[in-house]
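In what follows, a structure is listed as structure tokens, so that the remarks can point back to it.
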Amino acid sequence: MFAKSTEELLDALKAAQEKQNYENVAKCYLQLGKDYRKKGMTAKAVYYLNRFDNLVGGLDSLYGKFAKKDHQASEWIEELEEEHMPYEKMIQEQVVEKAEDLNTLQKLQWLLLTMSRFCKLFSRISALPEFEAFGELDKIVSCFVRGLYGEIEEAEKEDIEEEILDFDDSIYEVFDSILMSDYTQKVELPGQESFVPADLEGGEGTFLFGEAVLALKSFISDEAEEDEIVMEYAVCGLLTDYYYRTSDADVKDEPKIKEETERIFSDYEFVKSEPDAESFKKRVEEYKKIMLV
């Protein structure tokens with residue numbers, strides 16, 4: 001059998017995704033990762049190796065077949081990231097360093113501003129079968145805003161906390177399922193490549209989203225602990241996996257990436273200035289209208 005070119009591998013991957021043949025999807029991810037690694041295209045290589053690792057690690061039936069290759073892929077990812085740190089991880093490091101100057105409330109404000117920018121995208125995703133819970137994000141963000149400023153009455157606090165936990169459970173169930181590798185479910189975007197749920201996983205985005213939700217919930221429940229706040233979530237709005245998947249350009253040159261990077265650090269300066277409730281709420285409402293991709 002002749003080795004397939006990159007273009008042929010991408011075509012084979014698309015066909016396997018459409019048929020939901022996850023074994024062939026995994027094979028294509030691994031081969032594409034190896035192919036881009038040989039070409040010195042580090043970001044693309046890491047993307048496909050991560051997709052392979054996520055898919056194989058999430059399905060017992062695949063892990064049994066690909067365990068050794070998964071171990072090798074993990075080693076390659078580590079080596080490649082040491083040689084050339086992915087853009088999103090570089091920004092994460094900067095965010096973590098800057099967050100050392102912030103108090104608990106300011107850190108959570110920074111995370112919530114990022115979360116608010118997902119509202120429009122999540123609303124679009126909620127139209128997909130089994131993703132309906134994503135449409136609740138707008139409401140949950142509003143609850144968190146009220147909670148940060150002590151505007152939740154004691155009589156309603158238990159109901160709101162229950163609502164947040166139900167939302168978190170519903171989202172986690174989707175994030176932890178094969179739905180995240182189902183490329184037949186797409187959010188169509190005018191004039192550009194469609195968005196797929198798997199694009200949310202870049203930079204551990206799905207894990208960090210859940211951590212941010214729980215940290216915010218703990219704060220409004222008077223249970224917040226400093227070491228529970230994972231500041232890397234502030235960077236998740238970059239959605240770099242979408243661009244690794246759909247483009248060969250350097251992500252830092254993508255206009256939407258530039259815009260989001262500017263917002264991330266503008267938010268830092270904003271929360272550091274200790275904004276009043278009215279100013280914070282205004283920024284959140286403006287962010288809810290943003291489409292991240």
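Worth knowing before you read on, the calculation uses all heavy atoms, side chains too, and leaves out hydrogens, waters and symmetry mates.
- Residues L121 and M291 meet the side-chain proximity criterion, which asks for heavy atoms closer than 4.5 Å.
- Between the NZ atom in K217 and the CD atom in E163 there is a gap of 13.0 Å [rounded to 0.5 Å].
- Looking at every heavy atom in both residues, L111 comes nearest to A234 through CD2-N, 3.6 Å.
- Across all non-hydrogen atoms, the minimal contact from N50 to E81 is ND2-OE2, 4.4 Å.
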message: Run E23 and F66 through side chain to side chain contact (heavy atoms under 4.5 Å, CB included) and show every step you take.
response: CA-CA 9 Å; E23 183 173 348; F66 293 102; 4.1 Å; yes

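- Under the 4.5 Å side-chain heavy-atom criterion for grouping Ile, Leu, Val, Met, Phe, Trp and Tyr, F118 is not connected to L214 through any hydrophobic cluster.
- Both L112 and I290 are members of a single hydrophobic cluster when ILVMFWY side chains are connected at heavy-atom separations under 4.5 Å.
- Between E188 and R124, no side-chain nitrogen of the basic residue sits less than 4.0 Å from a carboxylate oxygen of the acidic one, so the salt-bridge criterion is not met.
- The neighbour count for K256 NZ, taken as heavy atoms of other residues, nucleotides or ligands under 6.0 Å away, is above 12.
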- request: In sequence, state the C-alpha distance, the side-chain angles, and the governing distance for S142 and K288, and then conclude on side-chain hydrogen bond (donor to acceptor under 3.5 Å, both in side chains).
  value: CA-CA 10 Å; S142 295; K288 284 181 177 181; 2.7 Å; yes

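- In this structure, the side chain of K281 does not engage the main chain of D276 through any donor-acceptor pair within 3.5 Å.
- Using a 4.0 Å cut-off between a side-chain N of Lys or Arg and a carboxylate O of Asp or Glu, R117 and E259 do not qualify as a salt bridge.
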- prompt: Please walk me through it: do Y287 and D267 pass side-chain hydrogen bond (donor to acceptor under 3.5 Å, both in side chains)?
  reply: CA-CA 11 Å; Y287 280 170; D267 288 346; 2.6 Å; yes

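- Of the inter-residue distances, the one linking T246 atom OG1 with F195 atom CZ reads 10.5 Å to the nearest 0.5 angstrom.
- Residues L165 and L108 are members of separate hydrophobic clusters, defined by side-chain heavy-atom contacts under 4.5 angstrom among Ile, Leu, Val, Met, Phe, Trp and Tyr.
- A pairwise comparison of heavy atoms in I257 and L238 identifies CD1-O, 3.0 Å as the closest pair.
- The shortest side-chain heavy-atom distance between L137 and F209 falls under the 4.5 Å cut-off.
- Proximity of a side-chain donor or acceptor of W110 to a complementary backbone N or O of I264 within less than 3.5 Å is detected.
- In the model, Y22 has no side-chain atom that pairs as donor or acceptor with a side-chain atom of S61 under 3.5 Å.
- Applying the 6.0 Å contact sphere to NZ of K19 captures no more than 12 heavy atoms from other residues, nucleotides or ligands.
- Cluster annotation: Y172 is not connected to I140 through the hydrophobic network of ILVMFWY side chains, with a link wherever side-chain heavy atoms come within less than 4.5 Å.
- Between R283 and E286 no salt bridge is recorded (no basic side-chain N to carboxylate O distance below 4.0 Å).
- Taking the side chain as every heavy atom from C-beta outward, L113 and R263 never approach each other to under 4.5 Å.
- The side-chain heavy atoms of M90 and E93, taken from C-beta on, include no pair separated by under 4.5 Å.
- Here the side chain of S126 pairs a donor or acceptor atom with the backbone of S123 at under 3.5 angstrom.
- Between K39 atom NZ and T6 atom OG1 the span is 2.5 Å, to the nearest 0.5 Å.
- Heavy atoms only, all atoms of each residue included: F167 and A133 are closest at CE1-O, 3.5 Å.
- From F265, atom CZ reaches atom CD of Q94 across 4.5 Å, with rounding to the nearest 0.5 Å.
- Atom CG in L102 sits 7.5 Å away from atom NZ in K272 (nearest 0.5 Å).
- There is no side-chain donor-acceptor pair under 3.5 Å between Y243 and E193.
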message: Checking Y149 against Q109 for the side-chain hydrogen bond (donor to acceptor under 3.5 Å, both in side chains) test, could you report, in this order, the C-alpha distance in whole Å, the side-chain angles of both residues, the deciding distance, and whether it holds?
response: CA-CA 10 Å; Y149 286 96; Q109 287 175 322; 2.9 Å; yes

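- I125 places a side-chain heavy atom less than 4.5 Å from the side chain of L128.
- Residues L179 and Y183 share a hydrophobic cluster, clusters being chains of Ile/Leu/Val/Met/Phe/Trp/Tyr side chains in contact below 4.5 Å.
- Under the 3.5 Å distance criterion, with hydrogens and angles disregarded, no donor-acceptor pair is assigned to the side chains of Y242 and E254.
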- request: Please report the C-alpha distance between V46 and K89 in whole Å, then the side-chain angles of each, then the deciding distance to 0.1 Å, and finally whether the side chain to side chain contact (heavy atoms under 4.5 Å, CB included) criterion is met.
  value: CA-CA 12 Å; V46 169; K89 291 198 173 184; over 6 Å; no

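- When every heavy atom of M180 is checked against every heavy atom of T206, the shortest pair comes out as CE-CG2, 3.9 Å.
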Steps toward side chain to side chain contact (heavy atoms under 4.5 Å, CB included) verdict (F122, L200): CA-CA 10 Å; F122 270 34; L200 295 170; 4.1 Å; yes

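- Remark: the backbone N or O of V196 is paired with a side-chain donor or acceptor of D199 at under 3.5 angstrom.
- The minimum heavy-atom distance between N54 and E201, with the atom names listed, is ND2-OE1, 3.4 Å.
- Below 30°, between 30° and 60°, or above 60°: for Y36 and Y48 the angle between ring planes is below 30°, a parallel geometry.
- Once rounded to the nearest 0.5 Å, the distance linking CD1 of I171 with CG of D166 reads 11.5 Å.
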